[in-house]
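A short worksheet on the structure shown next.
Values in this document were obtained by computation on a predicted structure and should not be read as measured data. Residues: numbered from 1 along the sequence shown. The figures here come from the full heavy-atom set of this structure, side chains too, leaving out hydrogens, waters and symmetry mates.
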Amino acid sequence: MTREQVVMVGVDGSAASLQALDWAAAFAERIGWRVHIVCAYALPTFAAASMDGGYATLDDASIRDGAQAVLDEAAARLAGCDLEVTSALETGDPAGVLVELSKKVCLTVVGTRGHSGFAERILGTVSSALPAHAHCPTVVVPHRDDAASKLPVRRIVVGVDGSDSAKVALKNAIDHAQLWDAELTAVIGLPIGTGSGLLGWLPAAVDSEQLLADCKEGLDVTVNAALEGHEGVTVRRHALDGSGAALLSEFSTAVDLVVVGTRGRGGFAGLLLGSTSQAVLHHSECPVLVVPSRTKDEDLPPLAPWNRNVQP
């Protein structure tokens, strides 16, 4: 699969999509990639019955004009940036369109809240469906009044649970930490609280501290292996009592980017986000980078600032 060094961002005219656009532009400026703005909309297939028994069909040209206006607004927002920017108006289900286009780019970015009208699904369904189905990593940017405080990325946390998908996410998190000169923390959660959590059935005699120590040892091995070839990157490691989703959501209040993996099962309909990834997307206070397992086999370019003089 041939990929271009492109950050693709989906827009629909909402404040959430514009914040996603800002995040994509900041990333592209940092790494020197092109920004490709996409507005996808589906043409209506219904006709509304009128009072006299006739039918009033929605004007396709008006919908297209509205979508083009959204695209033009997004492109104008980046006019003053030192970036190569392209844009495209696409017809079809927004989620499906972005998934297909993700085969040719290196990163996709979307917001978390949709917009009423012609493209109402772009940031509703898409923010849930795209991370699970995308062929490249996806950043989901939550709509927040203080979103600007999340750029540049200075603090990153990644969830690690020993799975192959988590190892892929960890390597991607290390790349982003190196790109942004950011602090990176790797977290593994073990819900062993008495009477609660997935391991609440454990006998009281079980040494919970030893369990956490064993997890921390395994985390160290995984992180040390992932750090090979990434000199200068320091990763803090924590094995904590609690579910991965709850811990990462809590960390999201104090960091600028949360990184999680996802377990694809093959085939469009069978691709599902893990429960942790889905929960983090719903509750995170900062952008979430979802790295599909398949990316370990994809030819993704290394992440490196195009200009080392750029200030973090």
- Worked verdict on Val280 versus Val258 for side chain to side chain contact (heavy atoms under 4.5 Å, CB included): CA-CA 9 Å; Val280 172; Val258 173; 3.9 Å; yes

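- Salt-bridge formation is detected for the pair Arg34/Glu4: a Lys NZ or Arg NE/NH1/NH2 atom is positioned less than 4.0 Å from an Asp or Glu carboxylate oxygen.
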- Task: Dump the intermediate steps for salt bridge (charged side-chain N to carboxylate O under 4.0 Å, His left out) on Asp161 and Lys167, then the final yes or no.
- Result: CA-CA 8 Å; Asp161 63 6; Lys167 291 176 182 178; over 6 Å; no

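- Nearest heavy atom pair, residue Val35 against residue Ala28, reads CG2-CB, 3.3 Å.
- For the salt bridge (Lys or Arg N to Asp or Glu O under 4.0 Å) test, no residue two or more places apart in sequence or in another chain qualifies with Asp175.
- Separation of atoms CZ (Phe251) and NE2 (His238) is listed at 5.5 Å; rounding is to 0.5 Å.
- To the nearest 0.5 Å, atoms OG (Ser284) and CG (Leu248) are separated by 8.5 Å.
- For the pair Pro137 and Leu289, the tightest heavy-atom approach, listed with the atom from each and the gap, is CB-CD1, 3.8 Å.
- Smallest separation of non-hydrogen atoms from Arg77 and Leu21: CD-CD2, 3.7 Å.
- Across Pro94 and Ala40, no two heavy atoms sit closer than the pair CG-O, 3.5 Å.
- Closest approach of Pro131 to Leu281, counting heavy atoms only: CG-CD1, 4.0 Å.
- At least one donor-acceptor pair under 3.5 Å links the side chain of Ser17 to the backbone N or O of Ser14.
- We find the CG-CG distance between Asp214 and Leu219 to be 12.5 Å, quoted to the nearest 0.5 Å.
- A donor-acceptor pair is defined here as one N or O able to donate and one able to accept, closer than 3.5 Å; such a pair exists between the side chain of Thr222 and the backbone of Gly218.
- For the salt bridge (Lys or Arg N to Asp or Glu O under 4.0 Å) test, no residue two or more places apart in sequence or in another chain qualifies with Glu250.
- The CG atom of Asp22 sits 15.5 Å away from the CZ atom of Phe27 when rounded to the nearest 0.5 Å.
- Put simply, the residue from Val141, Leu184, Val157, Ile156 that forms a side chain to side chain contact (heavy atoms under 4.5 Å, CB included) with Leu257 is Ile156.
- A donor-acceptor pair under 3.5 Å is absent between the side-chain atoms of Thr138 and the main chain of Val290, judged by distance alone.
- Counting only N and O atoms by type, the side chains of Thr86 and His36 include a donor and acceptor under 3.5 Å apart.
- What you find for Ser165 and Ser163 is that their closest heavy atoms are OG-OG, 3.1 Å.
- A salt bridge links Asp256 and Arg155; the closest N-O separation between the charged side-chain nitrogens and carboxylate oxygens is under 4.0 Å.
- For the atom pair CG (Asn172) and SG (Cys136), the distance works out to 10.0 Å, reported to the nearest 0.5 Å.
- To the nearest 0.5 Å, atoms CG (Leu303) and NE2 (His176) are separated by 5.0 Å.
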- Ser277 and Thr262: CA distance, side-chain angles, deciding distance, side chain to side chain donor-acceptor pair (under 3.5 Å) verdict: CA-CA 7 Å; Ser277 304; Thr262 182; 4.7 Å; no

